[in-house]
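Nothing here was measured: the structure is a model prediction, and the numbers come from that model. Reminder, nothing fancy here: chain letters follow the sequence lines and each chain counts from 1.
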Amino acid sequence: MARRNEEVEAVLQEYADLIAITRGDAFKARAYEKAARAVGGYAQDVSRLTPEELRGIPGVGKSIAEKVAEYLRTGSVEVVEERRAMIPAGVRELITIPTLGPKKAMTLYEDLHISSVEELANAIESERLRGLKGFGPKTEENILHGIALLQQAGDRIDVHTAMTVAEEVVAGLSSIRGCESCTFAGSLRRMRETIGDIDVLVAARDSAKFMTALTELPATAEVIAHGEKKTSIRTTKGLQVDLRVLPPDSWGAGLQYFTGSKAHNIRTRTMAVRAGLKLSEYGLFEVPEKPKKGAKAPKEEGRLVASRTEDEVYDRLGLPWIPPALREDRGEIEAALGDGLPDVITEHDIRGDLHTHTSLTDGLAPLAEMAEAAAARGYAYYAVTDHAPDLYMEQMTDAKALAQREEVRRLDGTFHRMRLLHGTELNIGPDGEVDWPADFLAGFDLCVASVHSHFGLSRSAMTKRFIRACENPYVNVIGHPTTRMIGRRPGVDADWDEVFAACARTGTALEVNAQPDRLDLRDEDILRAKQLGAKFVIDTDAHSVPHLAFLRYGVGTAQRGWLTKDDVVNTWPLTKLRRFLRAKRP
DNA sequence: GCCGTTTTCGGCCCGACTGTTTTCAGTCG
């Protein structure tokens, strides 16, 4: 992608790791880590910011701003290079092994000169770790196991796969007697686009049977930890599930804590400390008076202030309840304090899907079946948008499109409240042209236009290509704008500020494509496009009936981009939507 | 290194689990 934020994030994170490994100041390492996350999640491209604006990023002060500027100017940072020279790259690689952190990595390097994962594995094999302080037989075993996991590539998993597992686990645990509440939390509840592991919470007085039940699930391949308050397993697919059982009185505080994000929690806990309180997963507590120097610290807990619901906890911190998708410390605390929290869109607000396929091209189900399933979801309108002739493998023709239109018109009105719209998904050619001429396009109720090939154009050519498509009076929506495939293909390079501005100017909506391997636009681009005045549409791009349910991931992504009902055209009543679709036309 | 309604120094979120230890360090989330 065009933004350089990820590059900068990686450099800052590397510096933080190197500081930790070389036993530098832990707070300094944490400061760099925090800044790395803030830069990675910042809505604007850091390479376009002035030095003053860089310092406006939370967690970025004078020193880090200078290093970011140095990196953007020269491609490297001197102090990072110095640390790199002290520590072989392979030592940093060691800390990617689960259970192996910076301290152990440095010990291995200093005492045994181990500087790669492979050398570490060999050293364990040849028993060279024996006698090394802090490394017992169990540690050796854990490291070998961690290396094996690493080699299985088991990185982050897509949100839909994670959701499927989470809902199974929640259903299983909810049916156990004594379960007062059960849900998933963590990055899944925040609807991040990929999920590292699944956090499940149970409210119950007695934890043991829930812990045991988790370890005995059919999908459980391995028990990582089995305690009274927390149990962790790994599923047969390599996904880690953490279960916490909380006293029912702690439910709200626990849910708040385990939903995160880490950065959001640091903010809420800091607010608690400022208010003379302490926030943990068990509740918001008063802090007992500090004992005088030398006196024995009293052991008792402070009085409980709030814990039963998230609402209560936020309320006692002086905040309204904050939707999970916003909890990334991207300004939601400030917005909440200033009464500026967006009333984020919900799945319930969506009145129709405007990008779907049928078996006429590459979908699996025929038009009538897709429409029937859409009507069952309670939609007020539904658009069929099969591919156009330029994707030649889909075999679309003018005649097929016109025949489909007749069928759409014939079926329209047979699904009680739901209206059917006839649309198409056009292909945006390398020059920005689309499949059909204006007079043919005029016959559609709406046109989505997307890039499907020629991903490697130069940034300027790609930008022109999108702008040209926006300027087409019949193009209503730019479909899956960046064309990225999560974990498989990066997005195309364009000057997105220019493209988003063109969308705003021409009245072309940007799609938030809800396919779990796309989620395109993604949250950060949405934030930026909204700032530039663009409108959006949340679509499933469904190729089958089950895909219609992917809408929730699109809505989650839109929430993470702070979108409200007003920003999203497919929450609008049909008359208003039709006005929007026609507004560009001559 | 960052940050400020306990400001320019002295804090920095907090707790669970494991393994190697005899009271705690390291890692993780």
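Distance, A/Q256 CD to B/dG29 P: 19 Å, rounded to whole Å. A/K34 places its NZ atom 17 Å from the P atom of B/dG11, with the value rounded to the nearest Å. In this entry the distance linking CZ of A/R55 with P of B/dG1 reads 13 Å, nearest Å. Nucleotide B/dA25 holds its P atom 17 Å from the CG atom of A/L132, rounded to whole Å. One interatomic measurement links the two molecules: NZ of A/K103 to P of B/dA25, which rounds to 10 Å at whole-angstrom precision. Whole-Å rounding puts the A/L243 CG to B/dG29 P distance at 16 Å. Rounded to whole Å, atom P of B/dT20 lies 10 Å from atom CZ of A/F135. In this entry the distance linking CG of A/D25 with C1' of B/dC2 reads 11 Å, nearest Å.
Contacts of A/S174 classified as side chain to side chain contact (heavy atoms under 4.5 Å, CB included), with partners at least two apart in sequence or in another chain: A/V170, A/C182.
For the pair A/T139 and A/Q240, nearest-nucleotide mapping onto DNA chain B gives the more 5' position to A/T139. For A/P102 and A/I224, each mapped to the nucleotide of DNA chain B holding its nearest heavy atom, the one lying further toward the 5' end belongs to A/I224.
Contact of A/Y257 with B/dG29 (side chain to base): a donor-acceptor pair of N or O atoms is detected under 3.5 Å.
Salt-bridge check for A/D523 with A/R330: passed, with a basic side-chain N closer than 4.0 Å to an acidic carboxylate O. Between A/R23 and A/E110 a salt bridge is recorded (basic side-chain N to carboxylate O distance below 4.0 Å). Using a 4.0 Å cut-off between charged side-chain N and carboxylate O, A/D497 and A/R528 make a salt bridge. Here A/K67 does not pair with A/E70 in a salt bridge; the nearest charged N to carboxylate O distance is not below 4.0 Å.
At least one donor-acceptor pair under 3.5 Å links the side chain of A/S261 to the backbone N or O of A/R327. With A/Q559 contributing its side chain and A/I345 its backbone, the two residues share a donor-acceptor pair below 3.5 Å. Side-chain N or O atoms of A/R128 include one that pairs as donor or acceptor with a backbone N or O of A/L112 at under 3.5 Å. Side-chain N or O atoms of A/E216 include none that pairs as donor or acceptor with a backbone N or O of A/A213 at under 3.5 Å.
Distances shorter than 4.0 Å separate some side-chain N or O of A/S63 from OP1 or OP2 on B/dG1. Note on A/T99: every side-chain N or O is 4.0 Å or more away from OP1 and OP2 of B/dC28. In this structure, A/Y282 reaches the B/dA16 phosphate: one of its side-chain N or O atoms is under 4.0 Å from OP1 or OP2. At B/dG29, none of the side-chain N or O atoms of A/R244 fall inside 4.0 Å of OP1 or OP2 (strictly under the cut-off).
The aromatic rings of A/Y109 and A/H113 stand perpendicular to each other, their planes meeting at an angle above 60°, with 30° marking the opposite boundary.
Contacts of residues 226-234 of chain A with DNA chain B (heavy atom under 4.0 Å): A/H226, A/G227, A/E228, A/K229, A/K230. Contacts with DNA chain B (heavy atom under 4.0 Å) in residues 261-268 of chain A: A/K262, A/I266, listed by number. For the contact set between residues 79-97 of chain A and DNA chain B, defined by any heavy atom under 4.0 Å, the members are A/I97.
Considering every non-hydrogen atom in both A/L337 and A/G318, the closest pair reads CD2-O, 4.1 Å. Considering every non-hydrogen atom in both A/L519 and A/G554, the closest pair reads CD2-N, 4.4 Å.
Look at the C1' atom in both B/dT7 and B/dC2: the space between them is 13 Å, to the nearest Å. Nucleotides B/dG1 and B/dT5 have their C1' atoms positioned 23 Å apart, rounded to a whole Å. Atom name C1', nucleotides B/dG11 and B/dT6: the rounded distance is 11 Å, in whole Å. Rounded to whole Å, the separation between the P atoms of B/dG4 and B/dT8 comes to 13 Å. One P atom belongs to B/dG15, the other to B/dT20, and the distance between them is 26 Å to the nearest Å. Across B/dG19 and B/dT23, the matching C1' atoms stand 14 Å from one another, rounded to whole Å. Taking atom P in both B/dC13 and B/dT18, one finds a spacing of 25 Å when rounded to whole Å.
Checking B/dC17, B/dC12, B/dG1 against the side-chain heavy atoms of A/A225 singles out B/dC17 as nearest. Considering only the side chain of A/I64, B/dC2 comes nearest among B/dC14, B/dC2, B/dT20. For A/D199, taking side-chain heavy atoms from C-beta onward, the closest of the listed nucleotides B/dG29, B/dT27, B/dG19 is B/dG29. Candidate nucleotides B/dG1, B/dG15, B/dC17 were compared by shortest atom distance to the side chain of A/E281, and B/dG15 ranks first. Taking the side chain of A/D197 as heavy atoms from C-beta on, and the options B/dT20, B/dG15, B/dG29, the nearest nucleotide is B/dG29.
Applying the side chain to side chain donor-acceptor pair (under 3.5 Å) definition to pairs two or more places apart or across chains, those involving residues 131-140 of chain A are A/R130-A/E140, A/K138-A/E141. For the side chain to side chain donor-acceptor pair (under 3.5 Å) condition, the pairs that include at least one residue of residues 85-101 of chain A, sequence neighbours left out, are A/D17-A/R92.
Here A/F27 does not count as stacked on B/dC2, because the ring centres are not under 5.5 angstrom apart with planes under 30°.
In this structure, B/dT7 is classed as syn because its glycosidic torsion stays within 90° of zero.
Under the Watson-Crick and G-U wobble criteria, each requiring two contacts below 3.5 Å, nucleotide B/dT8 is left unpaired.
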